[in-house]
Each structure stands twice: as C-alpha cells, then as structure tokens.
2 protein chains.
Amino acid sequence: MVDVTELKQVARAPREIAESPSFLAKRIGMIAKEKTVAAFEEAGAVPFAYAVLAVLAQGACATQATIADVLRYDRSYLVGLLDELEGDGLIERRRDVNDRRRHVVSLTKAGQKELDRLRGIVGEVDAELLASLTGAERKTLQGLLARLAAAHDPRYAS
Amino acid sequence: MVDVTELKQVARAPREIAESPSFLAKRIGMIAKEKTVAAFEEAGAVPFAYAVLAVLAQGACATQATIADVLRYDRSYLVGLLDELEGDGLIERRRDVNDRRRHVVSLTKAGQKELDRLRGIVGEVDAELLASLTGAERKTLQGLLARLAAAHDPRYAS
DNA sequence: TATTGTTATACTCTATAACTATA
DNA sequence: TATAGTTATAGAGTATAACAATA
C-alpha cells in the first residue's frame, strides 16, 4: 500500500529541449557513453581499448601518430593508453627500421582475442540502446546517424 | 597547382565503429555539443544559460533543487551557474516565505529576452546539424531520437 | 629545422564532503 | 533529525608546453 501523494513527481525536461535535435543527440550520445562505460567496466575492460584494437585490426601497420589521428586523441594522451595495452600484452610496439623515430604498433594474438570479446560487448550495448525500436527503425536510425557523421566528420565518410 | 601526392590522406575510422549505433550516437552527440558551444560562445553566451532559462520559462516557480534535478546537475554545481546568471541580471533568487531554507528562482524581464535570443541560436545549431537531411528525414530522426530518450530517461517521457 | 614519441603540467567539468540555516 | 543551499576539495578526462631522439 503506497500513498500516491508521496510519490515524488519526475522532473520533466522543458519541451523545447526535449524536441531539439541537437539536445536530443547530446542526450542519446551521453546515454550511449554511459552504457558503454558500464558494460566495459563490468567486463573488466575500458572503452578506449576497443577503439585502439579496432583501429589496429583494420589497418595494416600503424604508427602512434596515425592511431591518434584516427581516434582524434592527442599524441601525448595516447602514450599512456598504449602503455596500458602493452602492459596487458594486447599490443606490441617496435621501432620502425626505416625511421627510428617511429613506433610500429600491432595487435598481439591476445589482443586479437580480446578484440573479439569486446566486439560482443559493443553488440550488446547497441542492442540495448535500440531495444525500443523495431528492426526497420534501427536500420533507419543507423543510416541517418551515419550520414550525419559523414557530413560533419571526414573520418566517417563512406 | 597542387601536388596530389602530398595531400595528406584522411584517416578513416574503423568500419565496425562507423557502423555501430552507439558509437555513432556518441559521435553525433559530440558534434552537436561542439557546435552548440561554438555558437553560444560566438553569441557571448554559455549553453547552460539556455538550459536554465528554459527550465524557468516552462515551470511556474522553481527551487534550486528542482532545477538541478531537471538538468541533472549536482545542487552544489548549480550554485555557481545561478550566481553567474544572477550577476547578469537574468534571474532572481528570493527566499521562500513558507520555507526560508529555499530559494525561489525566477526569470527577470532581461532573462526572458535573453532566452528568446538563445532560442534563435539553438534553432540555427539544429538546422546546421541536420542540413544534409531532407525535411522528412529530419522529422524521422527527431522522432526516433525522442523515443530513445524517452525510453532511457524519464525526464524525456512524452 | 621539422617530426615522433614522451613527460610534466594545466585546465574543464563534474562529483563528494562538510558546513549553515532553517524545518 | 532531516533538508536547501553553499563552500571547498578531489577526481576523471583531455589539452598544452617543453623535451630527447631522429630525420
């Protein structure tokens, strides 16, 4: 038995904000980020690990500068992330024999295996995020988001 | 005359990231945020000002706690924001006569005028964000985003 | 002189804890 | 004792500046 008058009313966002595409995009993006961080943490991983491993999996050989450019991280910021991944045995850093300033970064076998595992987590997050949509609606949304990303960020050009 | 071989090739995001709805949502959300911040800065304003003023415009009278709940800010974080808005003469804080612990926050005339101005900026950002879509596509996207927001955040329930 | 990776530092945004005045 | 607002502090994430090795 609950006294309804004591149920705290949920505060509502202003309609003009709840209807603005840019505010909605920011909110959905934050929800996606929160879900991603939570899912990776539960799996004993960190989101940036997936991103770095995915970059290494698609490109032949990568220097730290190219990885940083793809992920839009500062090169100095990437150093610590790679240190962590290297410490876990997921990546390797070797000097480029043609240009000894460069490090050639590559996936280890353990890194490839970890990437496969993390892909499963990303799939679960995607499914959970879009759970309230039909299959057709999910395709539509994905297509529209991909077009917007391509329009505003050359890294997402198709 | 440009030597094409010197044009730096744009680094491409891994396909599995560029196709993931959650990663796309995060990216679009960040783009929306960057555009919003830039547009407000150019107009001599800050994004949180619009959000706070919009909350005050829709609700009758608001205490600081309710404003913080709607915007999901910590109450202590909100204090400094309101200080700034009050310093600019956009809002007023008065003691609640029925409960002297509370501040009743309300829009001033200048605040209402500023809100009208900022609404124009939000409209421009929305238009710019969706510029590459048709009118029908914009409506579709807005509807899908609104449904996702409602599904994951009670403040956006319809 | 310019570039790659590195280290150290600073800044922004937000979360936490402790305090006051009221209830 | 509990709550509203406030102050001060701490943390995560990222950006900036300076540096050594190499080109």
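Lettering of chains follows the sequences in order, A, B, ..., and the numbering in each one begins at 1. Computed from a predicted model, the values in this text were never measured in an experiment.
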Separation of D:dA15 C1' from A:R72 CZ (nearest whole Å):
14 Å
Side chain of B:V79: nearest nucleotide among D:dT7, C:dA23, C:dG5?
D:dT7
Which nucleotide in the list C:dA23, C:dA2, C:dG5 gets nearest to the side chain of A:R101?
C:dA2
Measuring from atom OH of A:Y73 to atom CG of A:L78, what distance do you get when rounded to the nearest 0.5 angstrom?
8.5 Å
Starting at atom CD of A:E41, determine the distance to atom P of D:dA12, rounded to an integer number of angstrom.
12 Å
For B:K113, is there an ion pair with B:D116 - N to carboxylate O distance below 4.0 angstrom?
no
Proximal nucleotide (of C:dA23, C:dG5, D:dT7) relative to the A:R102 side chain
C:dG5
Whole Å only: how far is the CG atom of A:L81 from the C1' atom of C:dG5?
14 Å
Under-4.0 Å side-chain N/O to phosphate OP1/OP2 contact, B:R75 with D:dT6
no
Could you tell me whether the side chain of A:S76 has a donor or acceptor atom within less than 3.5 Å of a complementary atom in the base of D:dT16?
yes
Could you check which of D:dA23, D:dG5, C:dT6 has an atom nearest any side-chain atom of B:T63?
D:dG5
Evaluation steps, side-chain hydrogen bond (donor to acceptor under 3.5 Å, both in side chains), between B:E16 and A:Y50:
CA-CA 11 Å; B:E16 60 189 285; A:Y50 167 69; 2.8 Å; yes
Distance in angstrom units between B:D96 CG and D:dA4 C1', rounded
11 Å
Atom NE2 of B:H103 and atom P of D:dT7 are separated, to the nearest Å, by 10 Å
Checking B:R102, B:R93, B:R75 against B:Q64 for side-chain hydrogen bond (donor to acceptor under 3.5 Å, both in side chains), the one that qualifies is B:R93
Rounded distance (Å) that lies between atom C1' of C:dA2 and atom CZ of A:R100
19 Å
Quick check: on DNA chain D, is the nucleotide nearest B:A65 upstream (toward 5') of the one nearest A:Y73, or the reverse? Name the residue that is more 5'.
B:A65
Closest to the B:D74 side chain: D:dA23, C:dT7, C:dT16?
C:dT16
Here the distance between atom C1' of C:dT3 and atom CZ of A:R95, to the nearest Å, is 13 Å
May I ask you to evaluate whether A:R93 reaches the phosphate of C:dT6, defined as a side-chain N or O under 4.0 Å from OP1 or OP2?
yes
To the nearest angstrom, how far is B:D99 atom CG from C:dT20 atom P?
19 Å
Among C:dT6, C:dT16, C:dC13, the one nearest any side-chain atom of B:Y77 is C:dC13
Rounded to the nearest 0.5 Å, the CG atom of A:L53 sits from the CD atom of A:Q58 at a distance of 12.5 Å
